[in-house]
Amino acid sequence: MTNSFDDIPFFDDDGSPDEPAPRKAPAPAAAPASGGGLGIAARAMAARDQNRTVVDYLSGLNPEQREAVETLDGPVLVLAGAGTGKTRVLTTRIAHILATGRAYPSQILAVTFTNKAAREMKERVGVLVGGAVEGMPWMGTFHSVGVKLLRRHAELAGLRSDFTILDTDDVVRLIKQLIQAEGLDDKRWPAKQFAGMIDGWKNKGLTPPDIAEGDARAFANGRGRELYAAYQARLRTLNACDFGDLLLHPIAIFRKNPDLLKEYHAKFRYILVDEYQDTNTAQYMWLRLLAQRPKDIPQNVCCVGDDDQSIYGWRGAEVDNILRFEKDFLGAKVIKLERNYRSTEHILGAAGHLIAHNEGRLGKTLFTDRVDPDDEKVQVHAAWDSEEEARAVGEEIERLQRGGSDGRKHALNDMAILVRASFQMREFEDRFVTLGLNYRVIGGPRFYERLEIRDAMAYFRLVCQPSDDLAFERIVNTPKRGLGDTTVRYLHDYARARDIPMLAAASDIIETDELKPKARKALFDVIQSFRNWQQKLETTSHMELAEQILEESGYTDMWKADKSAEGPGRLDNLKELVRSMEAFESMRGFLEHVSLVMDADKNENLDAVSIMTLHSAKGLEFDTVFLPGWEEGLFPHQRALDEGGRSGLEEERRLAYVGLTRAKHRCHIWFVSNRRIHGLWQSTMPSRFLDELPAAHVDVAASDSNYGGYGGRGGYGQSRFDKADPFSNTYSTPGWKRAQANKTDATRDNWGTRSGHAVERIGYGESGPRGRTIEGELVARSTSETPSQFSVGDRVFHIKFGNGNIASIEGNKLTIEFDRAGQKRVLDGFVERV
DNA sequence: CGAAGGTCAATTTTT
DNA sequence: TTGACCTTCG
């Protein structure tokens with residue numbers, strides 16, 4: 001550990017933006033490149049002190065990385081391919097800035113997208129510079145930095161600095177109210193959809209007057225713009241912000257207050273941006289305001305990213321931002337990191353060849369020095385259907401676990417299954433449950449999004465922030481207090497009419513006889529409780545108070561009385577919530593944290609296979625990666641193709657690239673010939689991406705099953721992965737029999753553990769993966785075709801289910817009573833008369 | 001208020 | 001086919 005960083009001056013940054021004047025000259029000869037007009041003795045001493053450090057943190061960097069770290073003056077774009085040491089460059093660069101005394105910790109603005117990335121950066125900088133990282137208040141996500149700016153200058157945006165941050169759920173409920181208030185049908189105009197539109201506009205940096213006429217008219221009978229404006233007005237009265245505002249308000253503030261912006265120009269001596277290819281327009285505008293400076297202030301901005309890993313276009317990310325960097329920041333130095341430290345030559349070769357099919361790239365080719373004849377090529381496997389796919393993947397995992405071809409036993413933690421869409425996960429989960437194989441799903445319900453956590457948080461919010469009407473409405477009748485819709489609506493209208501918060505309105509109303517005695521009493525009790533808690537805010541510790549609130553409100557009792565299976569888990573979660581407050585000084589501090597940071601921790605002690613989407617795999621790496629579902633329509637996804645056209649396809653291809661480059665040593669790709677889509681079995685074609693892989697680095701694995709192969713549908717889209725074996729009988733194979741046998745006991749267990757077999761869920765969404773599938777072109781096509789050539793009672797053969805009789809016909813969909821498989825619904829194209 | 005039944009839609013997800 | 005969400009009835 002180095003000591004040299006202990007001397008870095010530390011300035012508390014919570015005051016005004018005024019900083020001690022930055023040091024005019026860089027500190028003595030720290031970086032080999034930068035001299036300085038200092039005395040020889042001073043230089044020598046500094047060099048002596050610094051050398052140790054320099055060696056410590058610069059050694060081990062390759063020349064490009066080192067250049068990216070040491071080029072401190074002027075704009076720098078680091079194009080960092082997958083596994084090229086991007087984070088290392090970023091963190092070392094920060095360390096270097098500090099070590100050379102170019103800036104105080106508080107003068108470095110370092111932004112990331114996710115909290116996870118921010119946390120990781122903090123940790124790693126911490127390792128390099130020790131405690132100095134504590135003085136880096138401007139290291140965080142775009143949003144957390146946005147909050148910080150906005151809390152300081154809230155009044156310039158018409159807010160108080162104690163504004164609340166609403167999450168998606170709150171936003172939707174609020175919009176729903178607005179839609180109803182406008183007298184619109186909230187079914188015809190779903191609040192969720194409008195929330196999505198607003199989000200999209202905000203991603204583009206558009207305020208109500210800015211949105212295109214067409215967009216403005218597309219919702220709410222042409223009143224989209226008014227609705228958006230009404231929403232913003234409502235946020236202001238609520239003293240609240242949504243996520244988009246955390247960027248848009250600062251942008252507006254900077255534009256309106258050039259002097260203030262100038263202070264920040266002077267303040268942030270160095271700006272660093274991670275994952276630049278993921279920035280959306282609003283973030284881009286925000287960044288440009290801060291980073292593009294008048295000539296007299298240096299533009300020390302460093303963006304790190306990889307255009308080949310831009311997979312969030314659908315969410316507003318503009319790859320263009322990274323492609324345009326050199327134009328935005330004239331004189332920018334572009335440094336490419338192409339030396340890969342993660343993967344084998346085969347994996348890199350496969351990934352590189354694939355991604356080369358994209359146009360409009362900045363163009364990087366990853367390479368590695370490691371050449372090991374034992375490294376296996378990327379394996380492509382065919383399976384008959386998704387069940388078979390899951391079975392085979394499970395077998396391969398068990399094989400590796402027992403000891404792979406190299407005889408080494410592999411940990412489940414080193415393996416991951418990366419799917420295109422979350423519905424694919426289910427098949428693997430089912431299979432692993434029957435095998436008793438531990439797995440963890442990344443992307444399950446997030447802690448903070450759970451019902452009970454949101455309820456509890458609403459109580460805390462309302463205590464801290466009595467004008468939080470959304471919180472009020474959420475919990476006023478939770479647990480049930482006999483304050484139903486009628487009462488709440490009345491309170492709402494009363495509050496709106498007088499422009500006061502609902503809690504205050506409630507206080508007024510209980511003084512009157514407007515409510516029925518029962519409701520009045522109930523409301524009175526609620527208000528008394530809140531008054532009580534608010535007083536205790538100053539006197540009681542926040543954890544103690546939190547417990548009291550949950551007890552006295554009857555909220556914990558509500559779950560104790562709940563006899564469903566979920567009750568105990570929810571109580572545990574509530575305990576966990578209170579426990580997690582320990583790390584914070586106050587309830588307010590805690591609320592701030594939760595509104596922005598929402599991760600669940602994964603249990604590192606558990607050895608388990610990870611199952612996640614390709615999107616959530618970005619930034620991770622695994623020894624062995626399984627990539628199932630490489631079929632046309634699923635991957636590339638039909639919808640991406642329909643909606644995104646050429647660029648949609650390219651984004652899908654980047655997703656494939658991300659998937660491949662997650663693998664360190666082994667990568668297994670799968671495709672199936674039949675997949676169940678909306679309950680119907682459909683024949684599928686191998687993904688075009690398979691054809692884009694280079695033969696030199698890929699093995700088409702002799703399928704471990706006899707019946708892997710593509711039952712093609714005519715001459716269209718022939719691929720070298722097509723196999724002329726579409727009609728092999730599957731019923732006699734052991735795999736089929738086992739799959740059938742397993743069907744009965746492979747029940748699904750969303751939450752967890754069954755018979756000594758651990759399952760973990762980490763991530764988003766209240767209810768796990770939804771059963772989504774592709775709206776296949778094939779379905780659409782055959783639907784509009786001529787009526788079925790079959791009639792009820794016909795004896796038919798189906799490739800998967802065997803013989804059966806047609807029970808009923810709906811267009812091209814047949815319901816067939818199969819002899820062995822029972823009743824199934826299938827498309828008529830897949831059966832033939834016998 | 002809670003259970004039951006009908007309807008609609010069905011990539012990817014962070015803050 | 002599954003599931004989420006909403007309306008309706010007891």
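These values consider heavy atoms only, across backbone and side chains, with no hydrogens, waters or symmetry-generated copies.
- Aromatic ring orientation, A:Y312 versus A:H615: tilted (interplanar angle from 30° to 60°).
- Atoms CG (A:L680) and P (C:dT2) sit 12 Å apart, rounded to a whole Å.
- Between A:S616 and B:dT12, a side-chain N or O to OP1/OP2 separation shorter than 4.0 Å is absent.
- The ring of A:H637 has its center no closer than 6.0 angstrom to the ring center of A:W314.
- With pairs defined as Watson-Crick or G-U wobble and both atom distances under 3.5 Å, the stems of at least three pairs that touch DNA chain C come out as B:1-10 with C:1-10.
- B:dT12 has no stacking from A:Y312 on its base ring, since the centres under 5.5 angstrom apart and planes within 30 degrees of parallel are not both found.
- A close approach under 4.0 Å does occur between a side-chain nitrogen or oxygen of A:N115 and OP1 or OP2 of B:dT15.
- Residues A:G482 and A:E651 each lie close to DNA chain B; by heavy-atom proximity, the contact nearer the 5' end of the strand is made by A:G482.
- Contact detail for A:L483 and A:A519: the closest heavy-atom pair is CD2-O, 3.5 Å.
- Atom NZ of A:K192 is separated from atom C1' of C:dC5 by 10 Å (rounded to the nearest Å).
- When every heavy atom of A:P628 is checked against every heavy atom of A:V419, the shortest pair comes out as CG-CG1, 3.9 Å.
- Distance, A:M612 CE to B:dT11 P: 21 Å, rounded to whole Å.
- Two rings, from A:W286 and A:Y284, have their centers 6.0 Å or more apart.
- The separation of C:dC6 from B:dT11, taken at their C1' atoms, amounts to 25 Å, rounded to a whole angstrom.
- Counting only heavy atoms from C-beta on, A:K176 has its side chain closest to C:dC6 among B:dT12, B:dT15, C:dC6.
- We find that CG of A:D199 is positioned 15 Å from P of B:dT13, with the value rounded to whole Å.
- For the pair A:K148 NZ and B:dT15 P, the interatomic distance rounds to 18 Å; values are reported in whole Å.
- The distance between atom CZ of A:R173 and atom P of C:dC6, rounded to the nearest whole Å, is 13 Å.
- Between A:K618 and A:D278, at least one side-chain N (NZ, or NE/NH1/NH2) sits under 4.0 Å from a carboxylate O, which counts as a salt bridge.
- Protein atom CZ of A:R675 is 13 Å distant from nucleotide atom C1' of B:dT11, rounded to whole Å.
- Here A:H615 does not lie in a stacked arrangement on the base of B:dT12, lacking the combination of planes under 30° and ring centres under 5.5 Å apart.
- When the P atom is used for both C:dC5 and B:dT12, the distance is 15 Å, rounded to whole Å.
- The listed nucleotides are B:dT15, C:dG3, B:dT13; the one nearest the side chain of A:R426 is C:dG3.
- The side chain of A:H143 lies closest to B:dT15, out of B:dT15, B:dA10, B:dT11.
- One can place NZ of A:K518 at 10 Å from P of B:dC1, the figure rounded to the nearest angstrom.
- In terms of position on DNA chain B, the residue among A:N477 and A:E652 whose nearest nucleotide sits closer to the 5' end is A:N477.
- Taking only side-chain nitrogens and oxygens, A:S422 comes nearer than 4.0 Å to OP1 or OP2 of B:dT12.
- In summary, A:R173 and A:D170 engage in a salt bridge, as defined by a charged side-chain N under 4.0 Å from a carboxylate O.
- A salt bridge does not link A:D525 with A:R481: every distance from a Lys NZ or Arg NE/NH1/NH2 to an Asp or Glu carboxylate oxygen is 4.0 Å or more.
- Distances from the side chain of A:T141 to the nucleotides B:dT15, B:dA10, B:dT12 place B:dT15 closest.
- Proximity of A:R420 to the phosphate of B:dT11: no side-chain N or O atom is located under 4.0 Å from OP1 or OP2.
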